[in-house]
Amino acid sequence: MPELPEVDTAAGVLRTVANGKIVASVERLHRVHRRLLPPAAVRRLIGAQVTAIERRGKHQLIRLGDGSTLHVHFRMTGDWEPGLTRDPLPPYARVVINFTDGSRVALTDPRALSTLTLHAPGVDPLPDLGLDATDPAFTAEVLDRALSKRRIAIKPALLDQCVVAGLGNIYATEALWLARIDPRRPASSLDRRELARLVKAIRRVLEKGEPWSVYDREGKRCHRCGTTIERITQAGRSTYWCPGCQDSASGPRSSAKRTRGARSDASARRPRTSRR
DNA sequence: CGTATCCTGACC
DNA sequence: GGTCAGGATACG
């Protein structure tokens with residue numbers, strides 16, 4: 001659930017609590033995190049000063065005084081819970097970082113899928129990432145370049161962090177609804193107009209935390225056209241979409257750009273569900 | 001390209 | 001007691 005905006009907020013919390021502080025101790029409360037952060041890493045963390053907190057996409061980087069980096073990814077349910085060392089632990093605390101001034105921050109994570117790893121100076125722990133979805137430099141042109149060679153559908157393509165960094169299943173689903181684009185369309189088949197709509201839609205869904213328009217609304221009626229929302233599985237994930245107003249083609253002009261793969265969804269061009 | 005894996009709470 | 005969700009990665 002934490003996508004770019006939530007991770008950005010969490011990184012802000014972490015910055016407030018941890019920046020400039022010196023690590024006094026580290027507790028690893030879950031088997032997974034004892035493995036990710038072995039005793040040698042804990043020893044290196046103790047006494048280190050936090051010099052900066054950075055965020056890229058859904059990744060957080062905790063820069064330390066000796067040049068090493070603690071790389072954090074929340075995955076599904078991770079979050080930071082600030083507090084004092086003497087406070088009782090919050091529910092689902094998996095890792096606790098105590099500072100020498102008596103403050104602490106706990107990584108809480110019901111599903112314990114979060115990762116937290118220490119990297120030596122000079123090592124870049126980040127995987128290949130596209131521009132942040134909120135980066136002003138993220139434009140239709142950039143998206144076009146990232147998608148032009150992809151043969152997969154647009155929805156799973158948006159989840160690929162190399163294409164654009166920070167989108168998860170919910171916001172990718174919402175952005176396609178807002179841009180009125182069929183999530184099954186081949187990524188390379190979108191024309192410039194659609195890409196521009198999509199970039200705008202991505203910015204909007206990330207900036208406003210509005211209630212979901214399509215996500216988790218299977219069987220309910222589309223707020224825009226009244227058609228019944230459907231759920232499909234793409235790349236193993238749920239996609240919700242409206243067959244009535246998320247077009248599979250943008251019009252005659254798009255045909256020039258459509259590829260061989262695009263033809264396979266021609267049968268879906270007509271909405272399968274009538275309105276009302 | 002698809003599918004399994006990690007992990008646990010929620011739900012049936 | 002079984003299934004599902006979900007991000008990223010590993011694998012077939």
Side-chain angles (χ1 to χ4, degrees), chain A residues 1-11 28-38 55-61 70-81 89-95 106-117 119 123-130 132-134 146-176 183-189 202 205-206 212 214-219 229-241 259-265:
Chain A
M1 236 180 322
E3 302 191 26
L4 195 154
E6 294 81 15
V7 175
D8 201 47
T9 301
R28 300 116 70 237
L29 306 168
H30 192 285
R31 186 173 54 88
V32 164
H33 299 102
R34 283 192 289 272
R35 189 171 53 78
L36 289 170
L37 217 55
R55 181 200 55 76
R56 264 287 274 138
K58 300 180 229 177
H59 300 257
Q60 297 172 79
L61 301 174
L70 191 56
H71 174 225
V72 181
H73 197 296
F74 283 161
R75 304 281 188 117
M76 283 300 305
T77 50
D79 202 4
W80 294 119
E81 183 82 32
L89 288 176
Y92 308 113
R94 306 306 190 190
V95 177
L107 172 68
T108 57
D109 183 3
R111 291 188 184 167
L113 288 171
S114 290
T115 58
L116 182 146
T117 50
H119 301 264
V123 174
D124 177 11
L126 290 176
D128 270 344
L129 293 174
D132 273 19
T134 49
L147 295 177
S148 61
K149 287 173 202 136
R150 305 303 297 267
R151 299 179 63 84
I152 58 174
I154 183 62
K155 160 63 175 10
L158 289 179
L159 294 180
D160 185 339
Q161 304 295 300
C162 304
V163 170
V164 54
L167 287 187
N169 199 41
I170 295 171
Y171 290 162
T173 299
E174 291 291 319
L176 286 166
R184 304 167 303 176
R185 291 271 301 284
S188 59
S189 75
I202 289 169
V205 298
L206 290 181
W212 302 333
V214 274
Y215 190 84
D216 208 21
R217 295 198 68 243
E218 184 184 16
I229 301 294
E230 293 187 9
R231 184 176 75 91
I232 56 174
T233 298
Q234 295 182 288
R237 306 239 144 69
S238 290
T239 299
Y240 299 83
W241 71 294
T259 59
R260 192 168 296 275
R263 233 170 303 208
S264 63
D265 72 357

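Naming: A, B, ... by sequence-line order, numbering from 1 per chain.
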Colleague: Any non-hydrogen side-chain atom of A/D216 less than 4.5 Å from a side-chain atom of A/Y240?
Modeller: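 They are in contact (side-chain heavy atoms under 4.5 Å apart), so the answer is yes.
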Colleague: Could you state the CD1-P distance from A/I232 to B/dG2, rounded to the nearest angstrom?
Modeller: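 Taking CD1 of A/I232 and P of B/dG2, I get 12 Å after rounding.
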Colleague: Short question: side chain of A/E3, backbone of A/I170 - any donor-acceptor pair under 3.5 Å?
Modeller: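 Checking the backbone N and O of A/I170 against the side chain of A/E3, a donor-acceptor pair under 3.5 Å is found.
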Colleague: What residues, two or more places apart in sequence or in another chain, satisfy salt bridge (Lys or Arg N to Asp or Glu O under 4.0 Å) together with A/R34?
Modeller: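 A/R34: no salt bridge (Lys or Arg N to Asp or Glu O under 4.0 Å) contacts found.
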Colleague: Specify the separation, in whole Å, of atom CG of A/L158 and atom P of C/dG7.
Modeller: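 It works out to 13 Å between those atoms.
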Colleague: Rounded to whole Å, how long is the line connecting atom CE of A/M76 with atom C1' of B/dT8?
Modeller: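 Whole-Å distance recorded here is 11 Å.
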Colleague: Distances under 3.5 Å only, N/O to N/O: pair up the protein atoms with those of nucleotides 10-12 of chain C.
Modeller:
none

Colleague: I'd like to know if the side chain of A/Q234 and the backbone of A/A153 have a donor-acceptor N/O pair within less than 3.5 Å.
Modeller: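 No, because the side chain of A/Q234 does not come within donor-acceptor range (under 3.5 Å) of the backbone of A/A153.
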Colleague: What integer distance in Å separates A/K58:NZ from C/dG7:P?
Modeller: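 My rounded result for the distance is 6 Å.
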Colleague: Please write out the pairs of protein N or O atoms and N or O atoms of nucleotides 4-6 of chain B separated by less than 3.5 Å, giving the distance to one decimal.
Modeller:
none

Colleague: Can a side chain N or O of A/H30 be found less than 4.0 Å away from OP1 or OP2 on B/dT8?
Modeller: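 For B/dT8, OP1 or OP2 has a side-chain N or O of A/H30 closer than 4.0 Å.
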Colleague: How many whole angstroms separate atom CG of A/L126 from atom P of C/dT9?
Modeller: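 Value for this atom pair: 11 Å.
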Colleague: Should the ring pair A/H71 and A/H59 be called parallel, tilted or perpendicular, given that the plane angle runs from 0 to 90° and is split at 30 and 60?
Modeller: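 Rings of A/H71 and A/H59: parallel, under 30°.
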Colleague: When you check the phosphate oxygens OP1 and OP2 of C/dG7, does a side-chain N or O of A/Q161 lie under 4.0 Å from one of them?
Modeller: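 No, outside the criterion.
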Colleague: Please enumerate all residues that pass ring pair (Phe, Tyr, Trp, His ring centres under 6.0 Å) together with A/H30, with sequence neighbours excluded.
Modeller: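 Checked A/H30 against ring pair (Phe, Tyr, Trp, His ring centres under 6.0 Å); matches are A/H33.
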Colleague: Side chain of A/P127 only, please: which of C/dT9, B/dC7, B/dG9 is the nearest?
Modeller: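 So the nucleotide nearest the side chain must be C/dT9.
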Colleague: Round to a whole Å and report the spacing from CG of A/L116 to C1' of C/dA8.
Modeller: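 From A/L116 CG to C/dA8 C1': 16 Å.
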Colleague: What nucleic acid atoms does A/Y92 come within less than 4.0 Å of, heavy atoms only: base, sugar-phosphate, or nothing?
Modeller: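 Contact class for A/Y92: sugar-phosphate only.
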Colleague: Hey, which of these two, A/R94 or A/A153, hits DNA chain B nearer its 5' end, going by closest nucleotide?
Modeller: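 Closer to the 5' end of DNA chain B: A/A153.
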Colleague: Salt bridge (Lys or Arg N to Asp or Glu O under 4.0 Å) with A/R55: which residues, sequence neighbours excluded?
Modeller: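 Salt bridge (Lys or Arg N to Asp or Glu O under 4.0 Å) list for A/R55, sorted by chain: A/D8, A/D132.
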Colleague: State, yes or no, whether a side-chain contact exists between A/L158 and A/T173 at a heavy-atom distance under 4.5 Å.
Modeller: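 A side-chain contact under 4.5 Å is absent here.
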Colleague: Between the main-chain N or O of A/D128 and the side-chain N or O of A/Q161, is there a donor-acceptor pair closer than 3.5 Å?
Modeller: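 No, A/Q161 side chain to A/D128 backbone: no donor-acceptor pair under 3.5 Å.
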Colleague: Please assess A/S238 against A/R231 for the test side-chain hydrogen bond (donor to acceptor under 3.5 Å, both in side chains), listing each intermediate value before the final yes or no.
Modeller: CA-CA 6 Å; A/S238 290; A/R231 184 176 75 91; 3.0 Å; yes
Colleague: Would you mind reporting whether A/K155 and A/L176 have side-chain heavy atoms less than 4.5 Å apart?
Modeller: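 In short, these two side chains touch, coming nearer than 4.5 Å.
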Colleague: Whole Å only: how far is the CG atom of A/L4 from the C1' atom of C/dA8?
Modeller: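 About 16 Å, once rounded to whole Å.
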Colleague: Distance check needed: C/dA8 P versus A/D109 CG, whole Å only.
Modeller: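 After rounding, the gap between these two atoms is 13 Å.
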Colleague: Restricting to nitrogen or oxygen on both sides, can you table the protein-nucleotides 2-5 of chain C pairs closer than 3.5 Å?
Modeller:
residue, atom, partner, partner atom, Å
C/dA5, OP1, A/R231, NH1, 3.4
C/dA5, N3, A/R111, NH1, 3.3

Colleague: If only atom types and distance count, is the side chain of A/K58 paired as donor or acceptor with the main-chain N or O of A/L167 below 3.5 Å?
Modeller: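 A pair under 3.5 Å: yes.
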